[in-house]
Amino acid sequence: MVQVQIWTCPREFPRCYTLAMHVRHRVIAILMLLAAVRPSLYAEHNNVILITLDTTRADRMGFLGSQRKLTPNLDALAASGIVFIRAYSQVPLTTSAHATILTGTYPQFHNVDQPGYPLSGGLPFAPEILRGAGYHTAAFVGSMIMQAQGGGAPGFDRGFDEYNANFHSRQAGEDRYSSIERRADKVVAAAAEWIDKNTKGPFFVWIHLYDPHAPYEPPEPFASRFRLDPYDGEVAYVDSVLGKFFERLRAAKLFNGSLIAVMADHGEALGEHGERGHGLFLYDTTIRVPLLFKLPGQRSAGRRVNSQVELVDVLPTILAEVGVAVPKAVQGRSLLPLMNQTTEKASEMDEPPAYAETDYPRAAFGWSPLRALRTGKYLFVQAPRPELYDRISDPDSEHNLASSSAAVSSTLAAQVTAF
């Protein structure tokens, strides 16, 4: 509350009185102006819903060009928001990628290289930052891999009022959905119930859906419909669950004013480059991810941004949109300028490079760790045998140019090391 004391003086002093009246009129005018702009200056923060789709390929999304018709509900959300066509994960592993999303820092900074590596208390962390800004905070995760207590993600519950992850080791006679994992409908139902109880004041909810992760076992009717491609069945099932969740938000009048951010933590290789799964390599099958933001009021709806972006950019974008200061330790950049600009950048050569790494080959097999840089038209992979690909003419990274373009390869190797 602003308290204003109006200075006055006796009427027998004309000059003094005239000055007092002038000051009084100026103050009244200022107060009227403040009243007029009060909604924008003091409005409550918008709700934030962060949805991470585990192990979900970008090329399965209709809003990114897929013709498989797996994601009608996400496609509809994308039409109400902004789609980033070229978004890249920093690590093809669940806990490390989520550490990047939630801290806005690169993996060599947050040091969550493998499941079980703790999240340092000194890192910027989305729930802690938002709770400090008055948000109610809750997380609903779909796998034991993200369990913060006695699981694969120690320290991830910091800053959450509720961290819903009560998993346990699988016992004889139990299926995995009642022990180490939950299907998407159970995760979303728990999140929706919590939201129903916390509509007073802004909330930040993180929903993590694990279903597209192997083994691929979609429930019916998706199991029958996608008998020959159960991975696609898992993606279609998750989309159907999210469609019901979005309808529930609309019914509760929470959809329009909320910021909804949807992304995959990483993709999935289905035989490309000899990889099945993820973690070993840094090609687009596991590093390129779907990323979209539905802004409050559907601002900039339908916009498609071709500029290269990273998952490290998610946290600063969320904070900038809801008007919360971005900590200096955050290493990503806000994507709001890209969302709001009216024309695309003239050249991709000015884009920041996209960095990725994986330590899993070393940790699991004693092989070399890998690092990659996507910059300009090139993908460079720093490995015992360096790899260089032209992303424009060779989007599937099948023709290694490192030997024939030694100067480019050497330059990018130096840039990876410098990064």
Side-chain angles (χ1 to χ4, degrees), residues 50-78 87 89 92-95 97-98 101 115 140-147 152 165 167 170 174-192 206-247 262-272 275-280 283-292 311:
L50 172 68
I51 300 172
T52 57
L53 312 175
D54 212 291
T55 323
T56 300
R57 291 171 62 118
D59 66 3
R60 276 359 187 222
M61 304 290 108
F63 62 84
L64 289 175
S66 173
Q67 299 300 311
R68 296 172 182 246
K69 300 181 180 179
L70 305 178
T71 57
N73 297 293
L74 285 170
D75 297 345
L77 182 71
S89 177
L93 296 166
T94 298
T95 51
H98 279 93
I101 293 168
F140 301 87
V141 300
S143 169
M144 193 172 185
I145 197 69
M146 292 308 305
Q147 183 151 296
F167 300 98
R170 190 171 177 176
E174 279 189 312
D175 68 19
R176 63 192 177 104
Y177 298 108
S178 57
S179 55
I180 62 173
E181 189 178 336
R182 294 192 194 104
R183 288 205 188 271
D185 61 339
K186 300 297 183 184
V187 177
V188 168
W206 167 35
I207 299 173
H208 163 248
L209 304 180
Y210 194 68
D211 302 77
H213 195 286
Y216 317 130
E217 297 174 355
E220 293 291 356
F222 302 95
S224 297
R225 189 184 310 167
F226 295 94
R227 180 176 57 85
L228 299 179
D229 200 339
Y231 176 79
D232 281 10
E234 293 278 29
V235 173
Y237 163 63
V238 165
D239 180 81
S240 72
V241 171
L242 287 175
K244 296 173 184 175
F245 176 62
F246 298 147
E247 284 304 312
V262 181
M263 68 218 64
D265 59 346
H266 54 75
E268 181 80 325
L270 299 172
E272 298 90 347
E275 182 179 22
R276 286 203 168 271
H278 53 271
L280 287 180
Y283 305 112
D284 277 15
T285 50
T286 61
I287 296 299
R288 185 183 172 216
V289 292
L291 174 65
L292 71 89
L311 290 184

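Along the sequence shown, residues carry numbers from 1.
At least one donor-acceptor pair under 3.5 Å links the side chain of Glu275 to the backbone N or O of Leu280. Using a distance-only test at 3.5 Å, with no hydrogens or angles considered, a donor-acceptor pair links the side chain of Ser179 to the main chain of Asp175. Between the Ser89 side chain and the Asp265 main chain, a donor and an acceptor come within less than 3.5 Å of each other. One N or O on the side chain of Thr56 and one on the backbone of Asp54 form a donor-acceptor pair closer than 3.5 Å. Not one N or O on the side chain of Glu217 forms a donor-acceptor pair closer than 3.5 Å with the backbone of Pro215. With Thr52 contributing its side chain and Met263 its backbone, the two residues share no donor-acceptor pair below 3.5 Å. The closest donor-acceptor contact from the side chain of Tyr237 to the backbone of Asp185 lies under 3.5 Å.
Side-chain contact check for Pro230 versus Phe222: every heavy-atom pair is 4.5 Å or farther apart. At a threshold of 4.5 Å between non-hydrogen side-chain atoms, the residues Leu70 and Asp239 do not count as touching. Side-chain contact between Pro92 and Ile287: present, with at least one pair of heavy atoms (C-beta onward) separated by less than 4.5 Å. Looking at Tyr231 and His213, their side chains never come closer than 4.5 Å, going by heavy atoms from C-beta outward. Looking only at side-chain heavy atoms (C-beta outward), Arg276 and Leu270 come within less than 4.5 Å of each other. For the pair Leu53 and Leu74, the minimum side-chain heavy-atom distance is below 4.5 Å. Between Arg288 and Leu64, the closest side-chain pair of non-hydrogen atoms falls below 4.5 Å.
Ser66 approaches Arg68 most closely through the heavy-atom pair OG-N, 3.1 Å. Between Val238 and Pro212, the shortest heavy-atom distance links the atoms CG2-CD, 4.0 Å. Residues Val187 and Gly142 come closest through the heavy atom pair CG2-CA, 3.8 Å. Of all the heavy atoms in Ala165 and Val141, the pair that sits closest is CB-CG2, 3.5 Å. Of all the heavy atoms in Ala58 and Val289, the pair that sits closest is CB-C, 3.9 Å.
Going from atom CE of Met144 over to atom CZ of Arg170 covers 12.5 Å, rounded to the nearest 0.5 Å. Here the CZ-CG distance, from Arg183 to Leu209, works out to 12.5 Å after rounding to the nearest 0.5 Å. Summarising the geometry, atom CD belonging to Glu234 is positioned 11.0 Å from atom CZ belonging to Phe226; distances are rounded to the nearest 0.5 Å. With values rounded to the nearest 0.5 angstrom, Thr285 atom OG1 is found 11.5 Å from His266 atom NE2. For the atom pair Asp75 CG and Leu292 CG, the distance stands at 9.5 Å (nearest 0.5 Å). For the atom pair CZ (Phe245) and CG (Asn73), the distance works out to 12.5 Å, reported to the nearest 0.5 Å.
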- Message: Determine whether Val188 and Phe140 satisfy the following criterion, side chain to side chain contact (heavy atoms under 4.5 Å, CB included), listing intermediate values before the conclusion.
- Response: CA-CA 8 Å; Val188 168; Phe140 301 87; over 6 Å; no
- Message: If you apply the rule side chain to side chain contact (heavy atoms under 4.5 Å, CB included), what do you find for Glu268 with Tyr216, and how did you get there?
- Response: CA-CA 12 Å; Glu268 181 80 325; Tyr216 317 130; 2.5 Å; yes
- Item | side chain to side chain contact (heavy atoms under 4.5 Å, CB included) assessment of Leu242 paired with Lys244 | CA-CA 5 Å; Leu242 287 175; Lys244 296 173 184 175; over 6 Å; no
- Task: Output, in order, the C-alpha distance, side-chain angles, deciding distance and verdict of side-chain hydrogen bond (donor to acceptor under 3.5 Å, both in side chains) for Thr55 and His278.
- Result: CA-CA 8 Å; Thr55 323; His278 53 271; 4.5 Å; no
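A salt bridge links Arg57 to Asp59: one of the charged nitrogens lies within less than 4.0 Å of a carboxylate oxygen.
Taking the ring centre of Phe167 as origin, the terminal cationic atom of Arg182 falls inside the region bounded by 6.0 Å and 45° from the ring axis.
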